[in-house]
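Report on one structure; see the data block that follows.
Chain naming here is simple, since letters A, B, ... match the order of the sequence lines and numbering starts at 1 in each.
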Amino acid sequence: MERRNDDELTAIEEQTADEAIRRLLARYGQPTSVAPPPDLTARVLARLPDKPPAAAALAERQRRRHVRVLVGMLLSVLLVLLILGSWGVLVNSSGPAELLGGVTSAVGQLVLVLVLAAKPLVHVLFAPGVTLLLPGVLLVASAVWLWWQLVQQTSPAQPVEA
Amino acid sequence: MDQQADEARWVTQALAGDQSAFTRLVERYTGVVYNQAYRMLHDAQEAEDAVQEIFLKAYTRLDTFDASRRFVNWLLTISSNHCIDRLRRRRHTWVTLDDVAFWLPSSQAGPEHRALQRERREIVQHALQQLPEQYRLVMILRYWHDLAYNEIVEITGLTESTVKTRLHRGRKMLAEALGSDGETLWNAETMTS
């Protein structure tokens, strides 16, 4: 039978190749089992939740939903601050407060405080040197991450093969 | 078949809230899952973390287990997907201390033969890491877990044709990798015999 490509073997060729690789591995003492650490089972069991699986699955889904909501809220707050700060820098500080009841109302005062707090952040973002600042921050962050990875890579003894 | 029936019963009991039933499954398969994780990830610490996460996933997804399947195959499915995800999340390939130790000549006193046996096994593990993860996975399932093609199909969700293709390419790549590393070992064996 004509092969369509080199990766298609006949049953006999497949068996021959299978046996050949097994012989090759046997030359190297493989396959062997790697012994897990003696306390690994205990650690696995300790990490399991106390609840039954269905309840644990539900708790996990709820936890993920809470994380998504929290992240969404955080991003929304940052976005609002960015908008208010930009408004304060580019237009005027009291504009948003006046739209929401005036600078003397409680809401208006809160908004005014947020605008004034956000203005420095926006100034930093629009500063002329920010294009130089960002690579510097990234470089420092990368160096810290690299250092942490190298510390983590001081690995314990590799497992003993049977 | 009895083993499969036992495991199906344990799964049912675990779903009902009997943790000791799931404990039996963990005790039975920790070694199997660890071996796969270690062969895939080539890092003992990472393999240990992966094993814990895999069993945690298995626990929370226990209701999806189909009792007509072997439990170990279902577990290896979760394990395979988890290891592949972990490998994809690795952004850089770091030189580990084991890689350095692999290259350095041994300065330890002791039987040369034992050292060469250890090095021989490490050569295979090192060669395995040179395979792309998709080929490495099917090679491990076939030759370290001794699974049949249909079982590998079940675990990976691939077609049998794709499994065979990946095995074929994986064998070639592993043989080439062992060919170059094995020559070094052959020279070392010749010098110490």
On the 0 to 90° scale, with breaks at 30° and 60°, tag the B:Y34-B:Y38 ring pair as parallel, tilted or perpendicular.
parallel

Chain A: which of B:D63, B:T23, B:V32 shares the most heavy-atom pairs with it under 4.5 Å?
B:T23

In this structure, would A:L114 and A:V107 fall into the same cluster of hydrophobic residues linked by side-chain contacts under 4.5 Å?
yes

So, the part of B:D18 with a heavy atom under 4.5 Å from chain A: the answer is neither

Kindly say whether B:R69 contributes a backbone atom to a donor-acceptor pair with the side chain of B:E154 at under 3.5 angstrom?
no

Contact leader toward chain A among B:L56, B:I54, B:L62, where contacts are heavy-atom pairs under 4.5 Å:
B:L56

Residues in residues 69-87 of chain A near chain B [non-hydrogen atoms, under 4.5 Å]:
none

Where on B:E27 is there a heavy atom nearer than 4.5 Å to chain A: the side chain, the backbone, both, or neither?
both

Best-contacting candidate, B:T30, B:N35, B:T60, against chain A by heavy atom pairs under 4.5 angstrom
B:N35

Indicate, with yes or no, if A:V122 and A:L116 share a hydrophobic cluster defined by side-chain heavy-atom contacts under 4.5 Å among Ile, Leu, Val, Met, Phe, Trp and Tyr.
no

Give the member of A:P31, A:P53, A:A56, A:P49 that has the highest number of heavy-atom pairs under 4.5 Å with chain B.
A:P53

Expected output: side-chain B:R136 to main-chain B:L131 donor-acceptor under 3.5 Å
yes

Donor-acceptor contact present, side-chain B:E151 to main-chain B:A148, <3.5 Å
yes

Toward chain B, the part of A:D18 with a non-hydrogen atom under 4.5 Å
both

Donor-acceptor side-chain pairing of A:R47 and B:Y59 below 3.5 angstrom:
no

So which of B:R61, B:R171, B:M139 has the biggest tally of heavy-atom pairs under 4.5 Å with chain A?
B:R171

Does the cation-pi check pass for B:R142 over B:Y149, that is, NZ or CZ under 6.0 Å from the six-membered ring centre and within 45° of its axis?
yes

Looking at B:S161, is its backbone amide N or carbonyl O close enough to the side chain of B:T165 to form a donor-acceptor pair, meaning the two atoms are under 3.5 Å apart?
yes

Check: A:E13 main-chain N/O paired with A:T10 side-chain donor or acceptor under 3.5 Å:
yes

